[in-house]
Amino acid sequence: MKLLQELIHPDLTTREGRTLRRHAARGIVLRKDKILLLFTERYNDFSLPGGGIDEGEEITIALKRELEEETGARDVQVKDHYGFIEEYRPHWKPEYDLMHMTSHFFTCDVAPELADVRMESYEIANGMKPVWISVSEAMSHNRKVMGRQEKTMGQSIQRETFMLEKISRELM
């Protein structure tokens with residue numbers, strides 16, 4: 001496993017304290033000059049599909065589940081573990097001081113046609129939808145959002161934009 005980056009949110013003053021520990025699996029699905037991403041209206045950003053790994057769940061099973069739920073992907077084939085990012089950021093729950101998230105990224109193949117999504121209620125409320133888009137267009141969009149420091153900007157945009165840049169350089 002290869003550490004791709006360590007990201008520390010600028011509002012975080014220490015990595016000490018009551019820490020919520022999360023692990024996530026995220027998919028890199030490329031097709032010709034496009035990548036399968038999620039656009040989230042609430043945050044006005046593009047992100048790689050994937051999410052949390054449930055207690056006791058195998059990481060590739062979690063990734064397949066998340067891809068199916070969020071994008072409607074079928075026949076998910078997990079190919080290679082591309083690397084992981086360690087992320088430290090403030091957490092909104094009062095019982096925690098910070099969140100330490102490890103996101104594992106895998107290259108994947110999926111069936112040509114996407115089925116219906118099965119998103120969770122908060123994902124629907126946030127306006128998440130799967131899209132095939134060029135990596136450069138998604139990168140450019142996210143960079144503009146970060147440059148404007150939009151009030152609705154989510155905490156994961158730095159991670160996602162870093163990954164889009166890396167994918168553009170190394171996988172396209």
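Computation of the quantities below employed the complete heavy-atom set of this structure, encompassing side-chain atoms and omitting hydrogens, waters and symmetry-equivalent molecules.
No donor-acceptor distance shorter than 3.5 angstrom exists from the side chain of Glu70 to the backbone of Leu67, with no hydrogens or angles considered. Between the Ser140 side chain and the Ala138 main chain, no donor and acceptor come within less than 3.5 Å of each other.
Applying the side-chain hydrogen bond (donor to acceptor under 3.5 Å, both in side chains) test to His91 and every residue at least two apart in sequence or in another chain returns nothing. The salt bridge (Lys or Arg N to Asp or Glu O under 4.0 Å) search around Arg65 returns Asp54, Glu57, Glu69, not counting sequence neighbours. Qualifying side-chain contact (heavy atoms from CB on, under 4.5 Å) partners for Val145, counting only residues two or more places apart in sequence or in other chains: Asn44, His141, Arg148, Glu150, Met153, Ile157. Judged as a side-chain contact (heavy atoms from CB on, under 4.5 Å), and not counting sequence neighbours, the contacts of Tyr43 are Thr40, Asp45, Asn126. For Arg169, the side-chain contact (heavy atoms from CB on, under 4.5 Å) criterion is met by Glu165, Lys166, not counting sequence neighbours. Applying the side-chain contact (heavy atoms from CB on, under 4.5 Å) rule to Ala115 yields the partners Arg74; only residues at least two apart in sequence or on another chain are considered. The side-chain hydrogen bond (donor to acceptor under 3.5 Å, both in side chains) search around Ser168 returns none, not counting sequence neighbours.
Counting Ile, Leu, Val, Met, Phe, Trp and Tyr side chains that sit under 4.5 Å apart, directly or through other members, Tyr122 stands alone, with no cluster partners. Cluster note: Tyr88 groups with Ile8, Leu12, Leu98 through ILVMFWY side-chain heavy atoms spaced under 4.5 Å, whether in direct contact or through intervening members. Under a 4.5 Å side-chain heavy-atom cut-off, the cluster of Ile, Leu, Val, Met, Phe, Trp and Tyr residues that includes Ile133 is completed by Leu4, Leu7, Ile28, Leu30, Ile35, Leu37, Phe39, Phe46, Leu48, Tyr82, Ile85, Phe105, Val131, Val135, Met139, Phe162, Met163, Leu164, Ile167, Leu171, Met172.
Across all their heavy atoms, Met146 and Gln149 have their closest contact at O-NE2, 2.8 Å. Nearest approach of Leu63 to Cys108, heavy atoms of both residues: CD2-SG, 3.6 Å. Across every non-hydrogen atom of Gly52 and Arg22, the tightest pair is CA-NH2, 3.2 Å. Contact record, Leu36 with Pro130: CD1-CB, 4.3 Å, taken as the closest heavy-atom pair. For the residue pair Ser134 and Lys34, the shortest heavy atom distance occurs at N-CD, 3.7 Å. Nearest approach of Ala73 to Leu114, heavy atoms of both residues: CA-CD2, 3.7 Å.
Looking only at atom types and distance, the side chain of Arg159 has no donor-acceptor partner in the side chain of Ser47 under 3.5 Å away.
Screening residues 2-32 for ring pair (Phe, Tyr, Trp, His ring centres under 6.0 Å), with sequence neighbours left out, gives no hits. Among pairs with a residue in residues 117-141, none fulfils salt bridge (Lys or Arg N to Asp or Glu O under 4.0 Å), at least two apart in sequence or across chains.
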Starting from the C-alpha separation in whole Å, work towards a yes-or-no answer on side chain to side chain contact (heavy atoms under 4.5 Å, CB included) for Arg21 and Thr102. CA-CA 8 Å; Arg21 188 76 173 97; Thr102 302; 2.9 Å; yes
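Ionic pairing of Arg15 and Glu86 is not present here: no N-O contact between side-chain nitrogen and carboxylate oxygen is shorter than 4.0 angstrom.
Within the 4.5 Å cutoff, no side-chain heavy atoms of Thr152 are placed close to those of Arg42. Contact of the Arg18 side chain with the Lys93 side chain is not registered, since no non-hydrogen atoms from C-beta on lie closer than 4.5 Å.
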